[in-house]
Amino acid sequence: MAHAFTHSGTARGGTNGPDLDAEAVREARRDLAACFRMAARYGFEEGICNHFSALVPGHDDLFLVNPYGYAFRELTASHLLVCDFDGNVIAGDGRPEATAFYIHARLHRALPRARAAFHTHMPYATALSMTEGEPLLFAGQTALKFYGRVAVDRDYNGLALDAREGDRIAASVGGADILFMRHHGVMVLGPSIAEAFDDLYYLERACEVQCLALATGRPVRPVDPVVAAAAARQMREGDPESARLHLASLRRQLDAEEPSYRA
């Protein structure tokens with residue numbers, strides 16, 4: 001299912017290359033590696049096919065992304081690649097998976113607000129991407145975190161193996177933070193690594209509860225739209241700090257149980 005990315009361009013480097021050893025960059029690597037490890041623990045990964053990316057602090061034309069051929073649970077901070085939008089690997093060993101490059105490079109280029117972009121085929125959200133109607137019903141409190149923030153790419157078009165398909169996906173996002181990709185999976189965009197992972201986690205929890213509710217065979221009752229919008233505003237006010245603390249908590253767990261993620 002996964003495809004190696006091939007590129008014949010010339011990478012920037014040498015004495016005029018970007019400084020990628022700053023502490024902010026190293027910390028972004030550790031944060032992203034922690035997200036990969038916890039996503040694996042939660043069952044969000046699918047083989048070697050899914051991918052997370054984040055813009056490199058101080059370099060809005062470069063992004064961190066996982067290398068082709070590794071499962072999430074294997075990744076460490078030093079494994080992560082730094083790529084530019086033209087397909088050059090600026091730092092790191094290996095190359096990105098092809099769809100990872102064509103989706104993430106085009107998203108980051110088109111949507112600078114997306115400092116982090118997490119794409120998975122996590123089971124409950126993906127299951128809802130395959131159903132008729134709107135994927136997410138705003139019937140549970142956790143789902144209300146995403147009220148007014150969801151878009152749907154309704155035109156599945158096969159694998160994203162060229163820039164044109166990446167551009168089409170980026171255009172389908174609009175002003176949303178969550179993109180359900182029909183017959184495919186989800187993309188979560190955030191202004192930080194912590195906020196992207198926080199949304200990813202709670203999105204799958206919301207989708208899981210919705211699937212359980214639908215499995216009862218009884219009608220699912222959405223929350224009144226006025227109440228849903230108010231609750232969403234309440235949640236969003238605290239999201240940046242809550243997400244930061246959430247990721248810090250996850251990193252403490254990993255520091256105790258899987259400290260190799262930091263390497």
Side-chain angles (χ1 to χ4, degrees), residues 28 31-32 34-36 38-39 42 44-45 49-57 59-66 72 80 83 85 96-97 99-122 124-126 128-129 134-136 138 142-156 160 163 165-182 184-207 232-233 235-244 246-247:
D31 279 346
L32 196 55
C35 291
F36 282 116
M38 294 308 297
Y42 293 142
F44 295 172
E45 66 176 344
C49 295
N50 296 169
H51 16 88
F52 296 171
S53 65
L55 292 180
V56 175
H59 302 280
D60 288 353
D61 59 343
L62 302 176
F63 63 98
L64 291 161
V65 69
N66 45 311
F72 281 10
L80 303 179
C83 296
F85 295 157
E97 197 271 336
T99 62
F101 172 75
Y102 286 117
I103 294 174
H104 291 255
R106 308 310 288 185
L107 274 169
H108 287 303
R109 186 192 290 258
L111 302 168
R113 65 181 176 83
R115 309 295 300 179
F118 289 6
H119 171 58
T120 76
H121 304 162
M122 54 191 188
Y124 292 100
T126 302
L128 294 179
S129 81
E134 295 305 306
L136 191 60
F138 298 102
T142 301
L144 299 184
K145 176 176 169 64
F146 308 105
Y147 191 80
R149 302 174 58 209
V150 174
V152 181
D153 175 8
R154 303 180 188 278
D155 300 312
Y156 177 70
E165 180 62 8
D167 288 339
R168 189 195 65 76
I169 292 170
S172 69
V173 173
D177 300 319
I178 310 299
L179 181 67
F180 279 88
M181 305 164 78
R182 283 287 188 212
H184 184 176
V186 291
M187 177 68 73
V188 174
L189 307 178
S192 68
I193 292 170
E195 288 173 82
F197 190 83
D198 194 63
D199 276 351
L200 188 79
Y201 173 81
Y202 286 110
L203 178 65
E204 182 68 346
R205 294 288 291 176
C207 291
R233 287 193 297 273
M235 292 183 188
R236 292 295 287 160
E237 288 171 1
D239 264 358
E241 178 67 0
S242 178
R244 184 187 68 78
H246 187 186
L247 181 55

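Heavy atoms only: backbone and side chains are in, while hydrogens, waters and symmetry mates are out.
- Look at D177 and R113 and you find a salt bridge, because one of the NZ, NE, NH1 or NH2 atoms lies within 4.0 Å of a carboxylate O, short of that distance.
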Exercise. Do Y201 and H246 pass the ring pair (Phe, Tyr, Trp, His ring centres under 6.0 Å) test, and can you show the C-alpha distance, the side-chain angles, and the key distance before you say yes or no?
Worked result: CA-CA 10 Å; Y201 173 81; H246 187 186; 5.3 Å; yes
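- A distance-only check finds a donor-acceptor pair linking the side chain of S129 to the backbone of T126 [under 3.5 Å].
- Between L247 and M38 there is no side-chain heavy-atom pair separated by less than 4.5 Å.
- Between the OG atom in S242 and the CD atom in E195 there is a gap of 9.5 Å [rounded to 0.5 Å].
- Remark: F63 CZ to R109 CZ distance equals 9.5 Å, nearest 0.5 Å.
- Here the straight-line distance linking atom CG of L203 with atom CZ of F146 works out to 4.5 Å at 0.5 Å rounding.
- With hydrogens and angles left out, the side-chain atoms of N66 and H51 include no donor and acceptor closer than 3.5 Å.
- For the atom pair CG of D155 and CE of M181, the computed distance is 11.5 Å after rounding to the nearest 0.5 Å.
- Contact detail for L111 and A170: the closest heavy-atom pair is CD1-O, 4.1 Å.
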Problem set entry | side chain to side chain contact (heavy atoms under 4.5 Å, CB included) evaluation trace for D153 with M187 | CA-CA 10 Å; D153 175 8; M187 177 68 73; over 6 Å; no
Exercise. What's the verdict on side chain to side chain contact (heavy atoms under 4.5 Å, CB included) for L55 and H59, showing C-alpha distance, side-chain angles and the deciding distance?
Worked result: CA-CA 7 Å; L55 292 180; H59 302 280; over 6 Å; no
Exercise. Can you list the steps and then say if F52 with F72 is a ring pair (Phe, Tyr, Trp, His ring centres under 6.0 Å)?
Worked result: CA-CA 10 Å; F52 296 171; F72 281 10; 4.9 Å; yes
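- Going from atom OG of S172 over to atom CZ of R182 covers 12.0 Å, rounded to the nearest 0.5 Å.
- Here the closest non-hydrogen pair linking A196 and V188 is O-CG1, 3.5 Å.
- When atom types are taken as modelled, the side chain of E97 and the backbone of C49 share no donor-acceptor pair closer than 3.5 angstrom.
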Problem set entry | Test side chain to side chain contact (heavy atoms under 4.5 Å, CB included) applied to H119 and T99, step by step | CA-CA 10 Å; H119 171 58; T99 62; over 6 Å; no
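- Remark: the backbone N or O of E45 is not paired with any side-chain donor or acceptor of N50 at under 3.5 angstrom.
- The shortest non-hydrogen separation linking F101 to P96 is CB-CG, 4.2 Å.
- Put simply, CE on M122 and CZ on R205 are 12.0 Å apart, with the number rounded to the nearest 0.5 Å.
- When every heavy atom of F180 is checked against every heavy atom of V186, the shortest pair comes out as CD2-CG1, 3.6 Å.
- Under the 30°/60° scheme for interplanar angles, the aromatic rings of Y156 and H184 are found to stand perpendicular.
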For this session: Could you walk me through whether R115 and D60 pass salt bridge (charged side-chain N to carboxylate O under 4.0 Å, His left out), step by step?
Result: CA-CA 9 Å; R115 309 295 300 179; D60 288 353; 3.0 Å; yes
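- With hydrogens and angles ignored, the 3.5 Å screen pairs a side-chain donor or acceptor of H108 with a backbone N or O of A114.
- When all heavy atoms are compared, the tightest approach of A176 to L189 is O-CD1, 4.2 Å.
- Taking 4.5 Å as the limit, every side-chain heavy atom of T120 sits out of range of all side-chain heavy atoms of E204.
- Taking both residues in full, the closest heavy atoms of I193 and A28 are given as CD1-O, 3.6 Å, listed atom of the first, atom of the second, then distance.
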